[in-house]
Amino acid sequence: GQQVMQIPQYQHVQEGEDFTTYCNSSTTLSNIQWYKQRPGGHPVFLIQLVKSGEVKKQKRLTFQFGEAKKNSSLHITATQTTDVGTYFCAGGNAGNMLTFGGGTRLMVKP
Amino acid sequence: DAGITQSPRHKVTETGTPVTLRCHQTENHRYMYWYRQDPGHGLRLIHYSYGVKDTDKGEVSDGYSVSRSKTEDFLLTLESATSSQTSVYFCATAGLADVHEQYFGPGTRLTVT
């Protein structure tokens, strides 16, 4: 079945440094979604990308969908302590189901 | 956040006992999902529903069953709990919008001793 791999598993950064997490799918995706889960919380939807090569920005967050629709990345510029949490990518298919990556846990040192 | 509640929020049970987790939504969303979350595995789909009485298996369905008799309720049952089913269980819902985002409930922490 479809597999979605995400790296790195953990990332420690100093506040103000940039952060990137990468997502790779074993199959071509119809869309990719990104979620954030704060410690002790539940996943919260951030964004969906649908088009090949699509780039979307939300303030300091930049999301990219690869040309082949098999990979994606999330980049955070100048991290803040409020960015702490685990970031998940999730590959979507036509059946309204998502396959989640293992997540990248971001820790920010003030 | 969408109106999704899960009950119980925490449960400790013994191996071999049946356990039912409940997910309740007030958004009238068509799709409902049960995931389990374990360290290093992200979120794995157990079962999902695409309408009342319409359910299907996910990636890790062995040992679990579900039922959906009303739009707002989706039940997950562990017929005979095992220690490998110790996990955090999340329910999620999704509507019919073009952006098929999923809304997650607060989770249930289940410990099987």
Side-chain angles (χ1 to χ4, degrees), chain A residues 1-11 21-27 29-51 54 56 58 63 65 72 74 85-106, chain B residues 1-7 9-10 21 23 25 27 29-51 54-62 66 74 87-109:
Chain A
Q2 181 181 82
Q3 291 188 345
V4 176
M5 306 300 293
Q6 197 172 345
I7 57 169
Q9 194 171 357
Y10 305 95
Q11 183 82 59
T21 174
Y22 300 90
C23 185
N24 286 283
S25 170
S26 59
T27 60
L29 301 169
S30 60
N31 65 77
I32 193 148
Q33 298 183 8
W34 286 90
Y35 291 78
K36 178 183 179 180
Q37 184 177 23
R38 294 183 186 276
H42 58 275
V44 175
F45 175 82
L46 293 176
I47 207 162
Q48 175 174 285
L49 304 172
V50 178
K51 299 176 183 177
E54 189 170 13
K56 287 189 176 180
Q58 289 180 348
F63 304 85
F65 200 10
S72 181
L74 158 59
T86 301
Y87 293 85
F88 292 98
C89 63
N93 58 34
N96 295 319
M97 287 194 295
L98 295 174
T99 300
F100 281 81
T104 297
R105 183 179 172 192
L106 173 63
Chain B
D1 283 345
I4 304 169
T5 56
Q6 292 183 231
S7 59
R9 293 293 314 280
H10 302 271
L21 308 183
C23 178
Q25 57 128 339
E27 300 299 313
H29 283 168
R30 175 180 175 180
Y31 300 94
M32 297 187 75
Y33 310 84
W34 276 109
Y35 292 92
R36 60 177 290 173
Q37 184 173 38
D38 305 290
H41 289 278
L43 293 148
R44 292 182 292 176
L45 182 65
I46 305 170
H47 281 279
Y48 66 100
S49 170
Y50 43 94
D54 290 325
T55 65
D56 208 344
K57 296 178 180 180
E59 177 189 1
V60 290
S61 60
D62 287 348
V66 291
F74 194 31
S87 187
V88 178
Y89 291 86
F90 285 101
C91 170
T93 72
L96 292 174
D98 288 340
V99 177
H100 202 71
E101 65 184 278
Q102 293 188 9
Y103 300 88
F104 283 80
T108 294
R109 183 172 295 276

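Each chain gets a letter, A, B and so on, in the order its sequence line appears, and its residues count up from 1.
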Segment of [X] engaging chain A (4.5 angstrom heavy-atom cut-off):
X	answer
L45(B)	side chain
E59(B)	neither
Y35(B)	side chain

Quick one: pull up CD in Q33(A) and CG in L98(A) and give me the separation to the nearest 0.5 Å.
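Rounded to the nearest 0.5 Å, the CD-CG separation comes to 4.5 Å.
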
Distance, nearest 0.5 Å, that separates CD of E54(A) from OG of S72(A)
9.5 Å

Tell me, for Q37(A) versus chain B, whether the close heavy atoms (under 4.5 Å) come from the side chain, the backbone, both or neither.
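The side chain, not the backbone.
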
F100(A) and Y35(A) aromatic ring geometry - parallel, tilted or perpendicular at 30°/60° bounds
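Y35(A) vs F100(A) ring planes: tilted.
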
For a side-chain contact (heavy atoms from CB on, under 4.5 Å) with V4(A), tell me which candidate from T99(A), I32(A), T27(A), N24(A) qualifies.
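It is T99(A); the other options fail the test.
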
